[in-house]
Amino acid sequence: MSSTNMQYNDSLLRFMTCGSVDDGKSTLIGRLLFDTKTILADTLTQITKTSKKRGMEAVDLSLLTDGLQAEREQGITIDVAYRYFSTGTRKYIIADAPGHEQYTRNMVTAASTANLAIILIDARKGVLTQTRRHSYLAHLVGIQHIVVAVNKMDLMNYDEANFNKICADYLAFAKEIGLAQARDIRFIPMSALNGDMLVDRLENMPWYKGETLLEMLEDAPAADEEQNAEFRFPVQFVCRPHASADADLHDFRGFMGRVESGDIAVGDAVTVLPNGYQSKVKAIQIGDDQLQSAQTEQSVTILLEDEIDTSRGDMIVKTGSKIEPVKQIEAHVCWLSETPLSSARTYIIRHTTRESKAKVGAISYKIDVNTLEQQSATELKMNDIARISFKLAQPLMVDSYMQNRAIGAFIVIDESTNNTVGAGMIV
Amino acid sequence: MLNKKQPLSHLDWLEAEAIHILREVAGQCSNPVLLFSGGKDSLCILRLAEKAFRPGKFPFPLMHIDTGHNYQEVIDFRDQRAAELGERLIVRNVEDSMKRGTVVLKSPDEPRNKHQSVTLLEAIEEFGFDCCIGGARRDEEKARAKERIMSFRDEFGQWDPKNQRPELWNLYNARSHKGENIRAFPISNWTEMDVWQYIERENLALPSIYFAHQRGIIMRGGAMMPANVKLADGEVINQPKAGEEVINMRVRFRTVGDITCTAPVLSDADNVSKIVLETATTTITERGATRLDDQTSDASMEQRKKEGYF
Ligand SMILES: Nc1nc2c(ncn2[C@@H]2O[C@H](COP(=O)(O)OP(=O)(O)O)[C@@H](O)[C@H]2O)c(=O)[nH]1
């Protein structure tokens, strides 16, 4: 069977929601799930019961997205949660990150896989410090599409002038940080509580002629659609079934991995890094299916014309592509761990399918995510973001994060606990 | 301006992501195992593993933790599938843990699903597995919405929601110390609908009880229970108690697991396309409908996860 089937040829969009506590994030997600009929009867019964128990009259849609017991008790969300819904034409994965100041790391985590961010603003409050923080982080983590959702319009009599003022304020700030120039920004007035302009337009804002939120989501390109970087194929696993009973397989050598960017076709000239061996693509397959070419985000097996010694951690690129092994990197790093970064220690950096030991070279500056000021720093605590250089024991093949998210990203691992303690974006 | 390309369809994208996760497990872990029950989710994972590793053998064995209360059709199907694939299947039984005294039932007809975790931990120790690949999905239950794709378990198999590793991009961290364990969930991002669409697209064979069939049912505690189910050893379970009536109905199962706690739903869907249609119009979540053991409390799944159940 072919790997693309027309019947289900609908794409997938990953997006995130950001807002401060009480801006209406949970209500917005609940409303999207509810109005696209993703919420099923038993779940609805359960939240209706809980709403009553808490003395509420209407069903509280925000309960839908409430996760773990501990958080339910504290009444706040402390970790990234993933939700799903689909329309006839698209499947959506929502990363729902809490907006608290202490939770920069959650926002960065949620943003890392998103191609669109909904930034919520309370229509009564306008652009706040946290709006700036969320926008800066979305920008830093490379989210291409920003939807600024001015929520709770019902509490401002659905007033157009108020909406326009908030949009103007936001744009001014977005220009300041370079967001407006680099990204696609849209504005939408809404009431998540009533449902205005989410899935249905309703009648309260006839002056607004733009798309509803769902229409914007339906139109936004998926990450793999607008990827324009060069071909990068980190090798995950090498298949050598030489012990197989099938004699034809004795010389089989398949390089298994995911096309992280660009595309590749049978016959293309390739180079395997870091060693620099050259060959040509003999075949591309997924399981038994033979493909003529493969595109971004496809997981495939590549066979080369020549016998080349290649293992996990190597990277196949097109011959002539500008990428070289480096032993020093500069990056923006978000610190994720309660244990601060220590310049004295050795860490492990995992980049694509490759690992290297690493030591901090220098911390150039720390960024105050509220004022966006650069400050000098000697250590990094949880939720800090800083520009750091690392010295590497093993060479890595890197692109800049702004050019290529997959090949510009890495995580920092603490050798002793094995925890993931940092997230890096190569400058 | 950026080039616009034809995006992958959602099934192709989910498939590519799952294959990537399986290969990361193979690349990062030294002794992984794939948990395989014969159920629909694990059958999808087997197909994904074929796409990930053929023409090579799977870089892990398959393992089933059998409660002893499974449908014979499902057990036969499990064995047949493993044989067709030519992969090694390990079976460990909750009943052996009962004999050892590590599992103690409160009553003989108590659902055994929650005791699977003990037998699983014993098997992990016996074989020294450092990673178990499972078919759990985030859409199954609220407590799973925050589950990682590579989820960390301590030496007691416990899942501590506060001690999970942040997971960014597609850079997974499956490192563990001796005795600790990673649970890897390649189809985390799939919904029940995605699973059925994938089964349809890939033409996957399933155990017969997934399709509509006539069955004697008793109503117990507001739920439908399959009546008089004969086990491999001849024992008949779910016999009607006094006052309970066996009614013949046309039903299918949406999940297959321990007989005593997996309820069927009324259905006429006797093939996969009909199930896809029915799933699209259905009004009850998979777990809500069929897992009797989850209904005790809103947080019961979370509780069991902490105790080492998937
Ligand atoms: N009037 C009004 N209230 C809203 C709207 N959206 C959310 N709320 C209310 O604002 C409060 C906080 O919303 P919630 O979704 O829990 O915010 P979160 O903390 O961002 O997830 C709740 O009482 C909601 O009912 C809206 O559009 N209009």
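Scope of the values below: all heavy atoms of this structure, side chains included, with no hydrogens, waters or symmetry mates. Lettering follows sequence order; numbering is per chain, from 1.
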Please look at [X] and chain B and tell me whether the side chain, the backbone, both or neither of the residue comes under 4.5 angstrom of a heavy atom of that chain.
X: A/Ser311; result: neither
X: A/Val300; result: backbone
X: A/Arg312; result: side chain
X: A/Leu13; result: neither
X: A/Thr352; result: backbone
X: A/Phe252; result: side chain

Ignoring hydrogens, what is the shortest heavy-atom contact between [X] and [Y]? Give both atom names and the distance.
X: A/Ser112; Y: B/Leu168; value: OG-CA, 3.4 Å
X: B/Arg165; Y: A/Thr417; value: NH2-O, 4.2 Å
X: A/Tyr401; Y: B/Trp169; value: OH-NE1, 2.9 Å
X: B/Gly56; Y: A/Pro241; value: CA-CB, 3.9 Å
X: A/Tyr84; Y: B/Thr191; value: CB-CG2, 3.7 Å
X: B/Asn173; Y: A/Asn418; value: ND2-O, 2.8 Å

Heavy-atom check, side chain of A/Val80 versus side chain of B/Lys146, under 4.5 Å: no
Heavy-atom side-chain contact between A/Pro221 and B/Pro7 under 4.5 Å: no
Between [X] and [Y] (salt bridge meaning N to carboxylate O under 4.0 Å), is one present in this structure?
X: B/Arg175; Y: A/Glu415; value: no
X: A/Asp79; Y: B/Arg148; value: yes
X: A/Lys91; Y: B/Asp194; value: yes

[X] versus chain A, heavy atoms under 4.5 Å apart: side chain, backbone, both or neither?
X: B/Phe53; value: both
X: B/Glu24; value: both
X: B/Ala52; value: backbone
X: B/Glu17; value: both

Measure the [atom1]-[atom2] distance between [X] and [Y] for me, rounded to the nearest 0.5 Å.
X: B/Leu171; Y: A/Thr420; atom1: CG; atom2: OG1; value: 9.0 Å
X: B/Glu15; Y: A/Ser299; atom1: CD; atom2: OG; value: 8.5 Å
X: A/Ser11; Y: B/Asp12; atom1: OG; atom2: CG; value: 11.5 Å
X: A/Ser416; Y: B/His177; atom1: OG; atom2: NE2; value: 6.5 Å
X: A/Leu12; Y: B/Asn189; atom1: CG; atom2: CG; value: 8.0 Å

Pi-cation contact, A/Phe237 with B/Arg23 (under 6.0 Å, within 45°): no
Over-ring placement of A/Arg258 relative to B/Trp13, 6.0 Å and 45° cut-offs: yes
Worked verdict on A/Gln298 versus B/His20 for side-chain contact (heavy atoms from CB on, under 4.5 Å): CA-CA 9 Å; A/Gln298 262 186 315; B/His20 177 257; over 6 Å; no
Winner by heavy-atom pair count (cut-off under 4.5 Å) against chain B, out of A/Ala406, A/Gly257, A/Ala111: A/Gly257
For B/Pro166, the option from A/Leu336, A/Val421, A/Ile411 that meets side-chain contact (heavy atoms from CB on, under 4.5 Å): A/Leu336
Got more than 12 heavy atoms from elsewhere within 6.0 Å of [atom1], [X]?
X: B/Asn271; atom1: CG; value: yes
X: B/Glu50; atom1: CD; value: yes
X: B/Arg88; atom1: CZ; value: no
X: A/Glu338; atom1: CD; value: no

